[in-house]
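Letters A, B, ... mirror the listed sequences (proteins, then strands); counts begin at 1. These numbers were taken from a predicted model, which means no experiment stands behind them.
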Amino acid sequence: MADFQIKDTVDITDVVCPVTFVKAKVALEELEEGEILSIHMADGEPVQNVPRSIKEEGHQILKLLDNSDGTYDLIVRKVGE
Amino acid sequence: MAFTNEQLERYSRHIILNEIGVKGQKKLLEGSVLIIGAGGLGSPAALYLAAAGVGHIGIADADVVDLSNLQRQVIHTTADLDKPKVESARETMEAINPDVKVTTYHDFIASDNIMDIIKDYDFILDGTDNFPAKFLINDACVMAKKPFCHAGILRFGGQLMTYVPEEGVPCYRCVFKNPPPKDAVPTCKQAGVIGAMAGIIGCLQAMEAIKYLTGAGELLTGTLLTYDGLTNEFRRVKLPRDVHCAVCGEEPTITELIDYEQAECNGITSDDYK
């Protein structure tokens, strides 16, 4: 994770769809363009859907890190506004 | 203002929308809408605006809930009979969403109180059932430079149009000039209406309020939208501003509010066809 200047992190392991994506979207809206967010999410539905939804919003997915404990960290660069 | 987890969940289907997002939802929570008439049109509008999280909703109506209202005035229930409509509406809205502050006006809207009531609101919905009220709301909103959404329903038909105080936008009086003669207006006995028509047109009014508050999409300004429930036909009629309009024209002749007389109704209250 040292490769990126992470501005903020958000944990969405404690919520279910669609609040997973909503929490990630809210965190992204609070960043400036170009800043980087790390999203901590569970395996399964979140990891299948949240990266895709964030991509559809126009943001740039930099990396998906497997924590090997059933969770992932999605590294996203904010695009726009 | 930061959202609580509960609010994120409550408004998640709004926040997901690109046109609304976090910013739009905050605008709704900080926004205010006055609904004049807690009847057929006002009921669905109030339900959806409360559910949407419009932070302050005003509701004005002088009547109490009558059995003949319940076929279409869906914010009231059988248990609310004889209760002031504004109280019944307030209870329902507060039960739907505790984020909403409701202000009630248990009064007829007239020339001597309307300016004072509308001044506190960002957007106004005309959910009234009579021409004197519709012209009064129009003239007051033009004079106070307040945006509002006109609507009317009758039988299987409905219509709505939005006014904003901007260059080139026609007001209700640009289009309809004056109230029709009293004998041209159907009496209550002749004037049925399908309850679902109130739902459709009232929801379209709520949509106009949401678009105005969030800035999403296009408003029905300069456009009268009509709906015929029998033929399933929606029509958008483009209408220009009338530079000679008596209230919003270049040389207005109406400079004070008018309380027009209402048609007699054989002892049946006018809201029987709201």
Side-chain angles (χ1 to χ4, degrees), chain A residues 6-62 64 70-81, chain B residues 1-33 44 47-57 93-101 122-123 203 206-207 209-219:
Chain A
I6 291 170
K7 180 75 182 176
D8 196 10
T9 61
V10 62
D11 182 356
I12 59 168
T13 58
D14 58 341
V15 287
V16 297
C17 180
V19 184
T20 41
F21 171 58
V22 169
K23 275 189 109 163
K25 182 170 170 163
V26 169
L28 277 164
E29 285 202 26
E30 279 161 13
L31 297 188
E32 301 294 324
E33 167 135 40
E35 290 181 337
I36 293 172
L37 178 72
S38 170
I39 307 164
H40 188 58
M41 65 184 69
D43 199 357
E45 186 274 322
V47 88
Q48 283 166 25
N49 291 323
V50 173
R52 196 176 58 190
S53 300
I54 283 171
K55 212 172 167 181
E56 279 169 12
E57 296 259 302
H59 303 294
Q60 190 186 356
I61 308 279
L62 299 177
L64 183 66
T71 70
Y72 291 81
D73 289 317
L74 181 72
I75 313 299
V76 181
R77 174 181 279 129
K78 175 165 174 168
V79 177
E81 284 190 62
Chain B
M1 187 186 72
F3 289 114
T4 63
N5 277 346
E6 206 173 78
Q7 285 177 315
L8 286 181
E9 193 170 349
R10 179 183 286 274
Y11 305 119
S12 57
R13 296 306 197 282
H14 276 171
I15 294 170
I16 288 168
L17 293 168
N18 275 330
E19 294 84 351
I20 306 289
V22 175
K23 291 187 185 103
Q25 189 59 49
K26 282 184 181 169
K27 286 178 185 166
L28 292 175
L29 285 162
E30 288 160 4
S32 59
V33 176
L47 292 172
Y48 277 101
L49 293 177
V54 172
H56 181 201
I57 298 175
M93 283 189 275
E94 286 176 352
I96 290 170
N97 190 349
D99 285 344
V100 180
K101 177 193 161 203
D122 299 324
F123 195 82
C203 286
M207 187 69 88
I210 287 168
K211 286 187 293 179
Y212 179 82
L213 291 175
T214 60
E218 292 168 26
L219 293 168

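In this structure, the separation between CD on A:E29 and CD on B:Q25 is 11.0 Å, given to the nearest 0.5 Å.
Under a cut-off of 6.0 angstrom, the local environment of CD in A:E33 is crowded, with over 12 non-hydrogen atoms contributed by other residues, nucleotides or ligands.
Inter-residue side-chain proximity for B:E9 and A:V22 is flagged as unmet; no heavy-atom pair is nearer than 4.5 Å.
Residue-level contacts of residues 15-23 of chain B with chain A, in order of numbering, are B:I15, B:I16, B:L17, B:N18, B:G21, B:V22, B:K23; threshold 4.5 Å between heavy atoms.
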